[in-house]
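For reference, the structure is listed below as structure tokens.
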Amino acid sequence: MPRSRWSRFTTTLAALVGAAVVLTGGATAAHAEPSVAEIEAQIDRDWNKLEPVIEQVNSVREQLAVRRRQADALGKQIAPLQARVDAALGQVGGLAADAYKGDNLSTVNALLGSRSPSELVSGLEMLDRFAHHQQEQVRDIAELRDELAAKKKPLDAMVADLSRTQAQLAAKKKQIDAEIAKLQKLRLKVYGNGGGGPLRPAPCPSGYPGGAAGVAVKFACAQIGKIYVWGAAGPDHFDCSGLTMAAWAKAGVSLPHNARQQHNVTQRVSRAELRAGDLVFYYGDLHHVGMYVGDGWVVHASQSGKPITMKRVDDGDINSYGRPG
């Protein structure tokens, strides 16, 4: 299909949900649907745009959590300091209140009842020193409070900035997710019409998991059609454990080239926990392994001379399930 026509499939909803157009003059003609390969290639391109955004979202989320904890910790330190400042200011203010509004005007009476002017001056000086001491306390506490507040201010600004970035990334992720969802609908339609062929009777993978499992499962799906050769692990031929080993190696996870040994080094999971990328081991002696690709399907290299294909997960004597990584 010409690239311009394929572009219309990915930019307009009408082209994504329909495979035919009504031509002028009342005649109806069906345009060829995009192939599975074209759809998979477009989804791959969109997914490659989405995964870095997902990783950025994860990174920003982690940074945001750290900065918020730091800002909250400083906020908790500032609160009691503010209370101490308020209390000290209250003491200074209360000094005058006690002097002029006390029940028995004790402070005023004591000063006015001084036996000599020198005693009055001494009393006033003591009062002044007390007030000065209180003012120093207030100043020291206020300075510490302001120092902590100065440290918190850039943290608050950083939290606000990270929150804006998180919102922008979330919007971008939502937009790309919507595009992939449109392509997935078309993908399912094409597969439903037999567009995948006998070796790929269903979407492979059924969805697009992220992380190492996503890399492994996409690699395994891409090998469909290559011929089984005993002892081979790519790039042109594979046996069963060679395929799963090569797929997970693409994701940076090392597995041995043997189904039983792969069973021994992977984490056991239940059928209910099964997800794309997990390994399915068959038969009592563990002589066969395939990769689960979602929606009840596995990709496997079955036997010598046959192409790598998809089959239903229950098509064979299942021994157990394993999760690499």
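Transitive grouping of hydrophobic side chains (ILVMFWY, heavy atoms separated by less than 4.5 Å) keeps Val66 and Leu162 in distinct clusters. Linking Ile, Leu, Val, Met, Phe, Trp and Tyr residues whenever their side-chain heavy atoms come within less than 4.5 Å places Leu169 and Leu64 in a single cluster. Hydrophobic clustering of Ile, Leu, Val, Met, Phe, Trp and Tyr side chains at less than 4.5 Å, counting indirect connections, unites Leu255 with Phe219. Phe238 and Leu286 fall within a single hydrophobic cluster, where Ile, Leu, Val, Met, Phe, Trp and Tyr are joined by side-chain heavy atoms under 4.5 Å apart, directly or via other members.
Side-chain contact between His300 and Cys240 is absent, with no heavy atoms from C-beta onward closer than 4.5 Å. The shortest side-chain heavy-atom distance between Leu243 and Ile308 falls under the 4.5 Å cut-off. At a threshold of 4.5 Å between non-hydrogen side-chain atoms, the residues Ile224 and Cys204 count as touching. The side-chain heavy atoms of Arg268 and His263, taken from C-beta on, include a pair separated by under 4.5 Å. Using a 4.5 Å heavy-atom cutoff, the side chains of Lys311 and Val299 are not in contact. Arg323 is not listed as a side-chain neighbour of Thr266, based on a closest heavy-atom distance of 4.5 Å or more. Residues Arg271 and Asp314 have side chains in contact (heavy-atom distance under 4.5 Å, counting atoms from C-beta outward). Between Leu279 and Gln262 the shortest side-chain heavy-atom distance falls below 4.5 Å.
Taking CH2 of Trp230 as the reference point, atom OG of Ser304 lies at 11.0 Å (rounded to 0.5 Å). Distance check: Asp317 CG to His288 NE2 gives 12.0 Å after rounding to the nearest 0.5 Å. Rounded to the nearest 0.5 Å, atoms CD (Gln166) and CD (Gln63) are 10.5 Å apart. Glu62 contributes atom CD, which lies 12.5 Å from atom CZ of Arg67 (distance to the nearest 0.5 angstrom).
Side-chain polar atoms of Gln175 and Lys172 form no donor-acceptor pair below 3.5 angstrom. Using modelled atom types, one finds no donor on one side chain facing an acceptor on the other under 3.5 Å when comparing Arg61 with Ser59. For the 3.5 Å distance criterion, the side chains of Glu273 and Ser270 qualify, holding a donor opposite an acceptor.
Between the side chain of Asp239 and the backbone N or O of Val229, no donor-acceptor pair lies under 3.5 Å. The main-chain N or O of Arg275 is found under 3.5 Å from a side-chain atom of Asp278 such that the two form a donor-acceptor pair.
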Could you walk me through whether Asp161 and Arg164 pass salt bridge (Lys or Arg N to Asp or Glu O under 4.0 Å), step by step?
CA-CA 5 Å; Asp161 186 52; Arg164 285 191 295 271; 3.5 Å; yes
Side chain to side chain contact (heavy atoms under 4.5 Å, CB included) for Phe281 and Ser320? Distances and angles first, verdict last.
CA-CA 5 Å; Phe281 299 98; Ser320 54; 3.9 Å; yes
Dump the intermediate steps for side chain to side chain contact (heavy atoms under 4.5 Å, CB included) on His237 and Lys226, then the final yes or no.
CA-CA 6 Å; His237 303 284; Lys226 294 183 178 180; 5.7 Å; no
Side chain to side chain contact (heavy atoms under 4.5 Å, CB included), that's the test. Do Cys221 and Met310 meet it? Break it down for me.
CA-CA 9 Å; Cys221 289; Met310 296 174 68; over 6 Å; no
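For the pair Ala246 and Ala233, the tightest heavy-atom approach, listed with the atom from each and the gap, is CB-O, 3.9 Å. Here the closest non-hydrogen pair linking Ala259 and Ser241 is N-CB, 3.7 Å. Contact record, Trp248 with Ala212: CZ3-CB, 3.8 Å, taken as the closest heavy-atom pair. Between Ser163 and Arg68, the closest heavy-atom pair is OG-NH2, 3.3 Å. For Gly225 against Leu199, the heavy-atom pair with the smallest separation is CA-CD1, 3.7 Å. Smallest separation of non-hydrogen atoms from Ala251 and Ala216: CB-N, 4.1 Å.
Other residues sharing a hydrophobic cluster with Ile227 under the 4.5 Å side-chain heavy-atom criterion for ILVMFWY residues do not exist; the residue is a singleton. Grouped with Val298 in one hydrophobic cluster are Val269, Leu274, Val280, Tyr282, Tyr283, Tyr292, Val313, Ile318, Tyr321, the linkage being side-chain heavy-atom contacts under 4.5 Å among Ile, Leu, Val, Met, Phe, Trp and Tyr residues.
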